[in-house]
Amino acid sequence: MEGTIIKGVGGFYYVSAGQEIITCKARGVFRKDGITPVVGDSVLFTRHDAGYAQIDEILPRRNLLIRPAVANIDRLLIVLSAHLPEPDWMLADKLIVQAKLNRIEPVMVLNKADEGDPAIVKAFEEAYGLFPRVVVSAVSRAGLGELEAAIKGKICCFAGQSAVGKSSLMNALLPELQLPVGELTRKTDRGKHTTRHAQLWPCFGGALLDTPGFSLYEPESFDEKRLQECYPEFSQAAPCRFPGCLHISEPGCGVKALLQEGRLSPARYERYVEIAKDFTFRRKHQYD
Ligand SMILES: Nc1nc2c(ncn2[C@@H]2O[C@H](COP(=O)(O)OP(=O)(O)OP(=O)(O)O)[C@@H](O)[C@H]2O)c(=O)[nH]1
Ligand SMILES: [Mg+2]
Ligand SMILES: [Zn+2]
């Protein structure tokens with residue numbers, strides 16, 4: 001039989017097939033081969049008269065994200081909070097890169113619009129104006145229709161810092177779930193990592209995955225050319241003088257010109273430089 005892993009905990013995999021959820025164990029050989037089934041995997045399994053069903057095969061993955069491990073994602077819903085916790089813009093940018101390198105479409109979601117800090121809303125628009133994006137509130141339900149439209153028929157995975165409201169948005173979209181949501185710690189205004197496991201919920205003709213947020217970030221290759229392709233902003237730039245321009249300190253750079261003309265978010269650009277330098281560093285030290 002064929003099914004989709006919706007949850008994996010303690011060596012058990014919960015596989016959705018038709019209207020049923022079947023508890024499975026993975027075949028022993030997977031561990032030997034270093035293969036771990038993950039949430040979102042399409043699998044072939046067999047049922048036995050006694051004991052647990054067994055996952056025999058993992059069907060080819062379209063993509064795989066790690067920490068938390070999820071597979072076969074169409075869209076990554078990258079959630080930021082317009083209030084607390086303070087947005088980790090760098091994490092959001094890295095999640096975009098992670099998504100794009102894995103051929104997953106990023107959708108930027110700014111939650112807590114009911115308490116929205118206008119400066120954050122403005123920064124969000126400036127940074128992500130060229131991305132599909134929605135401003136929403138799990139509390140007031142503003143923007144939820146738009147969010148649902150972005151999800152329809154796709155396998156969508158929530159990602160982002162603890163306490164930005166990923167589980168709250170899941171609950172707002174699918175009230176029957178009643179997932180646990182957490183408070184912010186009083187001292188640091190950060191989240192408490194309430195969600196512990198990735199879990200997939202079929203809905204809207206596709207599925208939604210709640211996750212504990214991504215700790216990031218492990219591209220398989222550190223190719224600066226591919227990194228640049230993750231920045232739709234750059235496609236508006238005139239060609240650079242030097243082929244292979246990193247858009248950092250080279251003369252005659254089209255991206256720098258864009259920046260000087262005020263057509264590129266300085267904050268996004270600064271974070272790009274940091275990520276690009278990190279790519280260069282890691283590429284050079286990959287085989288150390
Ligand atoms: N004002 C306001 N608060 C919200 C909104 N959405 C979530 N919250 C609050 O934010 C806190 C964290 O919400 P969660 O849904 O647990 O956040 P999470 O992203 O799932 O966090 P982790 O599971 O720890 O990764 C809770 O206290 C929620 O009530 C919103 O739209 N507006
Ligand atoms: Mg959560
Ligand atoms: Zn350049």
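Start at 1 and go down the list; that is how both ligands and their atoms are numbered. None of the values given here were measured: they were computed from a predicted structure.
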Trainee: Is the shortest side-chain N to carboxylate O distance from Arg27 to Glu57 below 4.0 Å?
Mentor: no
Trainee: Do Phe234 and Tyr272 have ring centres separated by under 6.0 Å?
Mentor: yes
Trainee: For residues 243-258, tabulate all N or O donor-acceptor pairs below 3.5 Å that involve a side-chain atom, not counting sequence neighbours.
Mentor:
from   : atom 1 : to     : atom 2 : distance (Å)
His247 : NE2    : Gln228 : OE1    : 3.4
Glu250 : OE1    : His247 : N      : 3.3
Glu250 : OE1    : Ile248 : N      : 2.9
Glu250 : OE2    : Leu246 : N      : 2.7
Lys256 : NZ     : Ile248 : O      : 2.7

Trainee: Would one find more than 12 heavy atoms of other residues, nucleotides or ligands at under 6.0 Å from atom CD of Glu176?
Mentor: yes
Trainee: Between Asn72 (side chain) and Arg62 (backbone), is there a donor-acceptor pair under 3.5 Å?
Mentor: yes
Trainee: Ignoring waters, how many N, O or S atoms from the protein are under 2.8 Å from the Mg ion (ligand 2)?
Mentor: 2
Trainee: Decide whether Ser265 and Glu233 meet the rule of one side-chain donor and one side-chain acceptor closer than 3.5 Å.
Mentor: no
Trainee: Counting only heavy atoms and a distance below 4.0 Å, can you name the residues contacting ligand 1?
Mentor: Asn111, Lys112, Asp114, Glu115, Ser137, Ala138, Val139, Gln161, Ser162, Ala163, Val164, Gly165, Lys166, Ser167, Ser168, Val181, Gly182, Glu183, His193, Thr194, Thr195
Trainee: More than 12 foreign heavy atoms under 6.0 Å from CD of Glu261: is that the case here?
Mentor: yes
Trainee: Any salt bridge between Lys112 and Asp117, counting N to O under 4.0 Å?
Mentor: no
Trainee: Does the Lys NZ or Arg CZ of Lys7 fall within the cation-pi geometry relative to Tyr13 - under 6.0 Å from the ring centre and within 45° of the axis?
Mentor: no
Trainee: Which protein atoms of type N, O or S are found under 2.8 Å from the Zn ion (ligand 3)?
Mentor: Cys240 SG, Cys245 SG, His247 ND1, Cys253 SG
Trainee: Roughly how far apart are Phe222 CZ and Lys284 NZ, rounded to 0.5 Å?
Mentor: 14.0 Å
Trainee: Within the 3.5 Å criterion, strictly below it, is a donor on Ser137 or Asp114 matched to an acceptor on the partner's side chain?
Mentor: yes
Trainee: Can you tell whether the side chains of Glu126 and Lys122 come within less than 4.0 Å, N to carboxylate O?
Mentor: yes
Trainee: How long is the span from the CD1 atom in Ile73 to the CG atom in Leu200, to the nearest 0.5 Å?
Mentor: 7.5 Å
